[in-house]
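Ligands are counted one by one from 1 in listed order, and the atoms in each one are counted from 1 as well.
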Amino acid sequence: MFIYQDFCLKPYTTFGIAVEASRYVAITSLKDLQELYAGDELSKKLVMVLGGGSNILFTQRYEGLILACQILGKEILKETDDEILIKVGGGEHWPSFVNEMVKKGYGGIENLSLIPGKVGAAPIQNIGAYGVEVKEVFESLEAFELKTGKIKKFTKIECEFGYRSSIFKTTDKGKYFITHVTFRLSKKPKLNLSYAPLKEAFAGRNENEISIKEVSEAVIQIRNSKLPDPDQLKNAGSFFKNPVVVEKTAQKLKESYPNIPVYPQSDGKVKLAAGWLIEQCGWKGKKVGAAGVHDKQALVIVNYGDASGEEILALANDIRKSVQKQFGIKLEPEVNII
Ligand code: EPU
């Protein structure tokens, strides 16, 4: 284990911002964490855990120690005729893991194909796409508490999953390093084709004859048609969360904007499409210096070259202001801003 000084983070976040961390270390095992803890590196000092860097925007140098999760490995803990329980290292690449499971016929995460990032980060914001959230296949996770050096197991209930949220993004933010996540995957998968573009892709097909591989391929195709590939165009996916409002607010908006997409939630509230709101404000495809709003999905802010974190943030703030002004809706970032 080697602690780098003044480490450039540019290749380690999908926004590709050239900032430095004062110290950086790759964690490949629990032992590495225990050694750092014993050396008093974790309990008192400023520390941050970095996964795939696909949901983070650095706007300044980080004056602390970055722990990059590189714990690998997959272990089937239990297998029956119907399902498997699989424990996965937090540093495994999420899209490769999904791809491998899909190939083996283990279902439940096919709709989450191609989401960038690492396995350990998936529960933090309860990643979701095309009608499925990771909480649906989540069994438990193991995490190292940075301040105490203790290893703690979290059940699904303890994680308090919500829309793009968990305890690790709220009350316990920054407290833990997630070392392993266990998933319950199905050998007799039930497909979720509820999302309109997926429904369209399989229109006229008998659901029993559709494989998870086909669903995964359709998801990949939809993602590629709307979302920029961070390897080619620097971005962190949706920059904002979709706002959730009370029914009355949604009704009022619908009167003024009959085409506004609305998604009623089980708790009576209504989710709005931030991408639609941003597009209506004229931002889609706009460029401000090296920062810009993606031309196919207005919820995605892109770095066309050497934008600084401050430039990206300034653009995000201008977008927020105009959505607030036109619709009276406050957008909250989905991306972690440092
Ligand atoms: N829309 C527009 N203009 C745009 C973008 C979207 O009018 O520029 C409209 C669409 O036509 C559609 C609605 O807004 O009626 C919703 O758009 P879309 O289906 O593309 O999904 P989204 O709500 O913008 C969410 C997730 C994505 C996820 C997709 C598919 C959030 C914050 N984002 O986006 O997740 O891939 O649904 O399930 O919930 C991410 O979290 O980084 C991410 C990419």
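Under 4.0 Å from ligand 1, the heavy atoms of E279 that appear belong solely to its side chain. The backbone of F240, and not its side chain, has at least one atom closer than 4.0 Å to an atom of ligand 1 (non-hydrogen atoms only; backbone = N, CA, C, O). By the criterion of a heavy-atom distance under 4.0 Å, the side chain of P261, and not its backbone, is placed next to ligand 1.
At least one cation-pi condition fails for K234 and Y304: the charged atom is not both under 6.0 angstrom from the six-membered ring centre and inside a 45 degree cone around its axis. For the pair K152 and F154, the cation sits on the ring face: its NZ or CZ lies under 6.0 Å from the ring centre, inside 45° of the axis.
In the vicinity of Y163, heavy-atom distances shorter than 4.0 Å reach the ligand 1 atoms 31 (C), 32 (C), 39 (O). Those atoms of ligand 1 that come under 4.0 Å of a heavy atom in E334, given as number and element, are 32 (C), 40 (C), 41 (O), 42 (O). Residue Y263 has at least one heavy-atom neighbour below 4.0 Å for each of these atoms of ligand 1: 12 (C), 13 (C), 15 (O), 16 (C). The G237 neighbourhood of ligand 1 comprises atoms 42 (O), with distances under 4.0 Å to a heavy atom of that residue. Close approach to K284 involves these atoms of ligand 1, each under 4.0 Å from a residue heavy atom: 3 (N), 4 (C), 8 (O). Near A273, meaning under 4.0 Å from one of its heavy atoms, ligand 1 places the atoms 13 (C), 14 (O), 16 (C).
Between atom 23 (O) of ligand 1 and the options N242, N111, L227, the minimum heavy-atom separation is to N242. Comparing A298, G117, S238 against atom 8 (O) of ligand 1, the shortest heavy-atom distance belongs to A298. In this structure, of K296, R164, E332, K226, the residue bringing a heavy atom nearest to atom 28 (C) of ligand 1 is R164.
Of all protein heavy atoms, the one closest to atom 9 (C) of ligand 1 is W276 CB, 4.1 Å.
Protein heavy atoms come within 4.0 Å of atom 41 (O) of ligand 1. Inside a 4.0 Å radius of atom 19 (O) of ligand 1 there is at least one protein heavy atom.
Below 30°, between 30° and 60°, or above 60°: for W276 and F327 the angle between ring planes is between 30° and 60°, a tilted geometry. Classified by interplanar angle (parallel below 30°, tilted 30° to 60°, perpendicular above 60°), the ring pair Y62/F58 is perpendicular.
E83 has no carboxylate O lying under 4.0 Å from a charged side-chain N of K78, or vice versa, which leaves the two without a salt bridge.
Grouping the Ile, Leu, Val, Met, Phe, Trp and Tyr side chains by contacts below 4.5 angstrom, directly or via other members, places L141 with L112.
The environment of NZ in K150 is sparse: at most 12 heavy-atom neighbours from other residues, nucleotides or ligands sit within 6.0 Å.
Residues T14 and S54 bring no donor and acceptor atom of their side chains to less than 3.5 Å of each other. Side chain to side chain, T80 and D82 fail the donor-acceptor criterion of an N or O pair below 3.5 Å.
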